[in-house]
Protein chains: 2
Amino acid sequence: MKNTSPTIRDVAVAADVSVATVSKYVNGTKRFSPEVELRLKETIGKLGYRSNPLARSMITGRTRTIGLAILDISNPHFTNVVKGANRVALEHDYTLLLVDTEENPTRERALIEALAQRVDGLVISSRLPEDESAWMLDLNKPVVMLRHVHELTMPNIGIDNRLATYMLARHLLNLGHRRIAYLGFGHAPINDERVRGARECLAEADLALDVYDAHAPTAAAGEQACSKVLLGPRRPDAVICYNDLIALGFMKEAKSLGFRLPQDVSVTGIDNAPYGEYAEPRLTTVDTQSEKMGELATQKLIDALSGQTDTAHLILEPRLIVRESTAAYAAAGPKKT
Amino acid sequence: MKNTSPTIRDVAVAADVSVATVSKYVNGTKRFSPEVELRLKETIGKLGYRSNPLARSMITGRTRTIGLAILDISNPHFTNVVKGANRVALEHDYTLLLVDTEENPTRERALIEALAQRVDGLVISSRLPEDESAWMLDLNKPVVMLRHVHELTMPNIGIDNRLATYMLARHLLNLGHRRIAYLGFGHAPINDERVRGARECLAEADLALDVYDAHAPTAAAGEQACSKVLLGPRRPDAVICYNDLIALGFMKEAKSLGFRLPQDVSVTGIDNAPYGEYAEPRLTTVDTQSEKMGELATQKLIDALSGQTDTAHLILEPRLIVRESTAAYAAAGPKKT
DNA sequence: ATGAAAGCGCTAACAA
DNA sequence: TTGTTAGCGCTTTCAT
């Protein structure tokens, strides 16, 4: 176990050829006579030579590394994004430089700028409003944005948030619900779209949407917000949550407040997190295809990196997944047995 | 938006100093006269110069990057490991190069070897048996192993798996359970330790452990394995699962098979995954401090990178978390109402 | 078919 | 305090 790896030079000397030959051979740039190639192959094997990616990158200007900036790896949405991104990256022989900004907008920019220096391009998830995101264009690197942006001219990919909540609201209306609340996460720019979708749907039935806010996109925040929604002056008979995490927390707290789910109140999430299926009642939600988003964003970036310029944006279609946390509305029965 | 960034040379020329001066100034290696420093500061700002980390790394031999290899980011254990590792890395101004090997042992080695070339050191989680892991020592980079290894001479950090299942078994015995099964994941080397812990505890009460196996450490595998455990010839009244994911799947399926939890069968997991708390019944488990493992492993690696050589291994203590999925055993009552 | 030599952008002696 | 210079390990013309 030597502590300094062999260089291209060592190979050249040992195989009695020039460094240029080794380089070309290793990269498959040129072919050589059988004898030389054999000798090369052997000495490389014997020495255990591996080309130094740093030195190569310095010259080629490409690192074969993709930067992925997310807000919180604990959030299943991002977990799935990473999953998808990792898969596509590896398929194309790229590696992932991951930064979890931990929902901290203060550090976000510095972290992303630092990240940008070490990668060929970036996939970014951010809650910064568009008018504060212009600096991303000055990174001098291709960027794919993990949400739909309107003014910023960069490739982006998101889901149709308006449609997602519209579908949920429609589903609840179909079940007979009339007093529907939305427990959102106002800090996220996409929250507005989600409010709008639900509101538009309800407006068609001449109903208004009661909007509440959670302080974070987490189960704990959902738990915390529960009582103000269910024990406030306008008790809803159905609640659409910003995401599955909030919904899960909300449901847990609702049960401990004595509400029966879904009889007393229907609850929905958004994201189709894996654990919605293991909660009780199993969570009705909208699949936002997080993993696919990660895959497509990474693919888009790799395409851009290889000079392709495809369509600037892509909007995935949400899909409603009905499970047991939503049920037909049965006018006010007794709340507890 | 120019597409080629300014180099140290551009700054040197513009500020009318030598490149060495710029380099030293940028790195804070040396101080200079106020006039020079001011001029430097201004030109750097004007040109928007940022030192190229690749070029720097080539010389210093350090990338300020840590490689983290995990088996499946979707598994909450690893999600938390990444969370912890990310935090410590960022604190120390390192970035994380992440590789999710997707539980694929075939690709594992190649991926890790490639990863090793681009980082200063690695934190590795692997299910390879120790006698097939020796190649990790030839990576020529410091490696911290995310599980306790006995023969391999590398820093490592794990939890006391024997104790974890011992505690769970003891807990179940205390509740009056006598027929206890273990639903493991035989492919993981640590599974043996977990079997042993439970077995030893039961042996003290002259009881035997029934061991079953899930084909993956996932909820789906837990669901799948459920019927062979509960509907087989030796129906247990309590089941210890390899991890929370398997337990969650197991519980879901058990419920749909008509078992009441925990009355008909007590279930436990291991890991303290966030969602155990939102399942019903809430999952009794053992906290394995996954996030702390990620933190400590990364800290250990960074220490090693700065020349420190602390204790070679560290074993975290598991903590039992009793929730509602385990209850006192009430001798065979009617299974359904 | 193979090699010599000029750098990529930077740091680290060593000089001045 | 500041500058000169020699590379780090590699790729890439341009020769031979």
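Lettering follows sequence order; numbering is per chain, from 1. Being a predicted model, the structure only gives us computed values, none of them experimental. Any value given below was found using the heavy atoms of this structure, including those in side chains, with hydrogens, waters and symmetry copies removed.
- For C:dG9, neither phosphate oxygen OP1 nor OP2 lies less than 4.0 angstrom from any side-chain nitrogen or oxygen of B:Arg9.
- The pair B:Lys83-B:Glu295 fails the salt-bridge criterion, with no side-chain N (NZ, NE, NH1 or NH2) lying under 4.0 Å from an Asp/Glu carboxylate O.
- Taking only side-chain atoms of A:Ala55, from C-beta outward, the nucleotide of D:dG9, C:dC10, D:dT12 with the closest atom is D:dG9.
- Not one side-chain nitrogen or oxygen of B:Arg56 sits closer than 4.0 Å to the OP1 or OP2 atom of C:dC10.
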May I have the list of side-chain donor-acceptor pairs in residues 21-28 of chain B shorter than 3.5 Å, sequence neighbours left out?
residue	atom	partner	partner atom	Å
B:Thr21	OG1	B:Ser18	OG	3.1
B:Asn27	OD1	B:Arg56	NH2	2.1
B:Asn27	ND2	B:Ser23	O	2.9

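- Across all strands shown, B:Ser57 has no heavy atoms under 4.0 Å from either base or sugar-phosphate atoms.
- Between D:dC10, C:dG3, C:dA1, one nucleotide has an atom nearer to the side chain of A:Ser18 than all others, and that is C:dG3.
- Mapping A:Val19 and A:Val36 onto DNA chain C via the closest heavy atom, the residue that lands nearer the 5' end is A:Val36.
- Remark: A:Asn27 is in phosphate contact with D:dT11, judged by side-chain N or O atoms under 4.0 Å from OP1 or OP2.
- In this structure, A:Glu113 pairs ionically with A:Arg109, as a charged nitrogen and a carboxylate oxygen lie closer than 4.0 Å.
- Nucleic acid contact for B:Thr29: none, since no nucleic acid atom lies under 4.0 Å from a heavy atom of the residue.
- With rounding to whole Å, B:Asn52 atom CG is found 14 Å from C:dG7 atom C1'.
- Between the CD1 atom of A:Ile44 and the C1' atom of D:dG9 there is a distance of 14 Å, rounded to whole Å.
- Following rounding to the nearest Å, A:Asp16 (CG) and C:dG3 (P) show an atom-to-atom distance of 8 Å.
- A:Glu108 pairs by the salt bridge (charged side-chain N to carboxylate O under 4.0 Å, His left out) definition with nothing, not counting sequence neighbours.
- Dashed line: the shortest gap from a side-chain N or O of A:Ser33 to OP1 or OP2 of C:dT2 is under 4.0 Å.
- Proximity note for B:Tyr49 (side chain, C-beta onward) versus C:dT2, C:dC10, D:dG9: the nearest is C:dC10.
- Phosphate contact (OP1/OP2 of D:dG9, side-chain N/O of A:Thr7, threshold under 4.0 Å): absent.
- A close approach under 4.0 Å does occur between a side-chain nitrogen or oxygen of B:Ser23 and OP1 or OP2 of C:dT11.
- The side chain of B:Thr21 contributes an N or O atom lying less than 4.0 Å from OP1 or OP2 of D:dG3.
- Side-chain nitrogen and oxygen atoms of B:Tyr25 include none within less than 4.0 Å of the OP1 or OP2 phosphate oxygen of C:dT11.
- Listed candidates were C:dC14, C:dA5, C:dT11. Nearest to the side chain of A:Ala20 is C:dA5.
- Counted by atom type alone, A:Glu103 and A:His187 present zero donor-acceptor pairs between their side chains at under 3.5 Å.
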